[in-house]
Amino acid sequence: MDFPQVGLGTMSIDDPAVIETALEVGYRHLDTAQIYENERVVGEGLADSPVPREDVTLATKLWVDSLAPDAVEAGTRASLDRLGVDRVELLYVHRPRGGYDPEGTMAALEAVHDAGLADRLAVSNFTPEQYDRAAEACSVPLVANQVEFHPLFQEPGVLEQARDRGYTVVAYSPLAGGEVFDVPEIRAVAEKHGTSPAAVSIAWVLAHDDVVTIPKASGREHLEANRAARDLSLDPADVERIDGIEREVELFPE
Ligand SMILES: NC(=O)c1ccc[n+]([C@@H]2O[C@H](COP(=O)([O-])OP(=O)(O)OC[C@H]3O[C@@H](n4cnc5c(N)ncnc54)[C@H](OP(=O)(O)O)[C@@H]3O)[C@@H](O)[C@H]2O)c1
C-alpha cells in the first residue's frame, strides 16, 4: 500500500478543526481507532474539509471488544457510522487480545473486506510470529503492522519481517510522546542540522526502509514541522549516534 511518509495520529484530538488544518497543510493519512473515542471528530473534520474524500487514507482500528468473530462486522459498521463514511481505506486489529482469535477474527475481517467496508486490512502491536499466524488465516494481504517505533524503542524483528513479507511498518509515537525532546544525542544531532529534536526523531524513523509514521500534533506549527521533517536527511553518523542511545522507553507495553 502506498502510504504518505507522514500521516496524522489522532489519539486525544477532540476538535475537528485540527483534522481540517492537517488536511489543509497536506496530510492525507488520518489514523484513528475505536478506543480513541474520536471517530466522530475525525469524520467531522474530514467532512468539513474541502480536500476530497477520495484523496485521503482513513484508517481505524477495532478494539479488543470488537474482535470476537461475531463482533467484527457490527464493530466495523459502528466505526463507519461514527466516521460518517461508507468504507475505510484501512482497517486494523488494534491488539491481539480480548476476543481476538487468529483464525476466526481474520476470517471475519476478510468478510468485512469482501463486503466493501474496508479496502485493506492490517494489524497493530503484532509480533512477527503473530503477524504470520494472522496472515496465514487471511487470504487478503495484511498491508501493515502499526507498532511503537522511535529512537527510544523498537520491536525486534518487525522491520526485517516487513522487508521479507512486503508490508509497511506504520511507526506510532515517533516522538515517544515527547520523551525524545531532552535526549542529549537527539539534541546534538538537531543542533548540528539547525532543527528540532522532533524533526530529528521523525527523520530517524523515516531513515528506515518500508517505514512511515503518524506523529500526533494539534496545532498548525507542529503539523507543518512534522511533515517538513521528511526533507531532513540525516548523515549515516547521525543515524548511528541515535541507534546507540541506551535509554529505553516503551510507552505502550503489552
Ligand atoms: N496502534 C497503537 O496501539 C497506538 C498506540 C499509541 C499511539 N498510536 C498512534 O500514534 C499516534 C502518535 O503517537 P502519540 O500521540 O503517542 O505520540 P507522538 O506522536 O510521539 O507525540 C505527540 C506529542 O508530541 C507533541 N508534538 C508533536 N509534534 C511536535 C513538534 N513538532 N514539536 C514539539 N512537540 C510536538 C504533541 O503535542 P501537540 O499535540 O501539542 O502538538 C504531543 O504532545 C497516536 O495519535 C495514534 O494515532 C497508536
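All of these numbers come straight from a predicted model, not from anything done at the bench. When a ligand or atom number is given, it counts from 1 through the structure's own listing order.
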(request) Please indicate whether any nitrogen or oxygen in Ala176 is less than 3.5 Å from any nitrogen or oxygen in ligand 1. (result) yes
(message) Can you name the atoms of ligand 1, numbered from 1 with element, that are less than 4.0 Å from a heavy atom of Thr10?
(response) 45 (O), 47 (O)
(request) Just jot down the ligand 1 atoms closer than 4.0 angstrom to any heavy atom of Gly9, in number order. (result) 11 (C), 44 (C), 45 (O), 47 (O)
(message) Check Glu73 with Arg77, please: is the shortest side-chain N to carboxylate O separation under 4.0 Å?
(response) yes
(request) Would you sort out whether Asp132 and Arg165 count as a salt bridge (Lys or Arg N to Asp or Glu O under 4.0 Å), showing the intermediate values? (result) CA-CA 9 Å; Asp132 273 343; Arg165 307 283 192 275; 2.6 Å; yes
(request) Write down the atom of Leu251, the atom of Ala176, and the distance for their closest heavy-atom approach. (result) CD1-C, 3.4 Å
(request) Using heavy-atom distances, let me know which of Phe181, Tyr36, Tyr92 sits nearest atom 48 (C) of ligand 1. (result) Tyr36
(request) Indicate yes or no: does an N/O atom of Gly177 lie under 3.5 Å from an N/O atom of ligand 1? (result) yes
(request) Taking only Lys NZ, Arg NE, NH1 and NH2, and the carboxylate oxygens of Asp or Glu, determine whether Glu89 and Arg53 approach each other closer than 4.0 Å. (result) yes
(request) In sequence, state the C-alpha distance, the side-chain angles, and the governing distance for Arg241 and Asp235, and then conclude on salt bridge (Lys or Arg N to Asp or Glu O under 4.0 Å). (result) CA-CA 10 Å; Arg241 188 165 185 186; Asp235 304 323; over 6 Å; no
(message) Checking contacts here: is it the side chain or the backbone of Asn125 that comes within 4.0 Å of ligand 1, counting heavy atoms only? Could be both or neither.
(response) side chain
(message) Once you measure the plane-to-plane angle for Phe3 and His29, does it fall in the parallel (<30°), tilted (30-60°) or perpendicular (>60°) bin?
(response) tilted
(message) Return the closest protein heavy atom for atom 22 (C) of ligand 1 as residue, atom name and distance.
(response) Lys216 O, 3.4 Å
(message) For atom 12 (C) of ligand 1, what is the closest protein heavy atom, and at what distance to 0.1 Å?
(response) Ile214 O, 3.3 Å
(message) Could you work out, for atom 41 (O) of ligand 1, the closest of Glu179, His94, His222 by heavy-atom distance?
(response) His222
(request) May I ask you to decide whether Asp238 forms a salt bridge with Lys192, counting only side-chain N to carboxylate O separations under 4.0 Å? (result) yes
(message) Counting non-hydrogen protein atoms only, what is the nearest one to atom 10 (O) of ligand 1? Give residue, atom name and distance.
(response) Tyr172 CB, 3.2 Å
(request) For atom 32 (N) of ligand 1, state whether the nearest protein heavy atom is under 4.0 Å away. (result) yes
(request) Look at atom 16 (O) of ligand 1 and say which protein heavy atom is nearest, naming residue and atom and giving the distance to 0.1 Å. (result) Ser173 OG, 2.8 Å
(request) Return the residue, atom name and 0.1 Å-rounded distance of the protein heavy atom closest to atom 45 (O) of ligand 1. (result) Met11 N, 2.9 Å
(request) Mind telling me whether Phe153 and His150 have parallel, tilted or perpendicular rings, with 30° and 60° as the class edges? (result) tilted
(request) Identify, by atom number and element, the atoms of ligand 1 in contact range of Ala198, meaning under 4.0 Å from any of its heavy atoms. (result) 30 (C), 31 (N), 32 (N)
(request) Flag Leu175 as yes when one of its N or O atoms lies below 3.5 Å from any N or O atom of ligand 1, and as no otherwise. (result) yes
(request) Could you check atom 40 (O) of ligand 1 against the protein and tell me its nearest heavy-atom contact, residue, atom and distance included? (result) Ser218 OG, 3.3 Å
(message) Geometry only, no angles: is Lys61 polar-contacting ligand 1 at N/O separations under 3.5 Å?
(response) no
(message) Give me the residue, atom name and distance of the protein heavy atom closest to atom 47 (O) of ligand 1.
(response) Asp31 OD2, 2.9 Å
(message) Among all the protein's non-hydrogen atoms, which is closest to atom 28 (N) of ligand 1, and how far away is it?
(response) Asn226 ND2, 2.9 Å
(message) Does the residue Ser124 have a heavy-atom contact with ligand 1, meaning some pair of atoms that are separated by less than 4.0 Å?
(response) yes
(request) Drop me the distance from Leu8's CG to Arg28's CZ, to the nearest 0.5 angstrom. (result) 12.0 Å
(request) Run the salt-bridge test on Arg247 and Asp182 with the 4.0 Å N-O cut-off and return the result as yes or no. (result) yes
(request) Could you check whether the rings of Phe149 and Trp204 sit parallel, tilted or perpendicular, using 30° and 60° as the cut-offs? (result) tilted
(message) Do Ile202 and Pro215 have side chains that approach each other closer than 4.5 Å (heavy atoms only, starting at C-beta)?
(response) yes
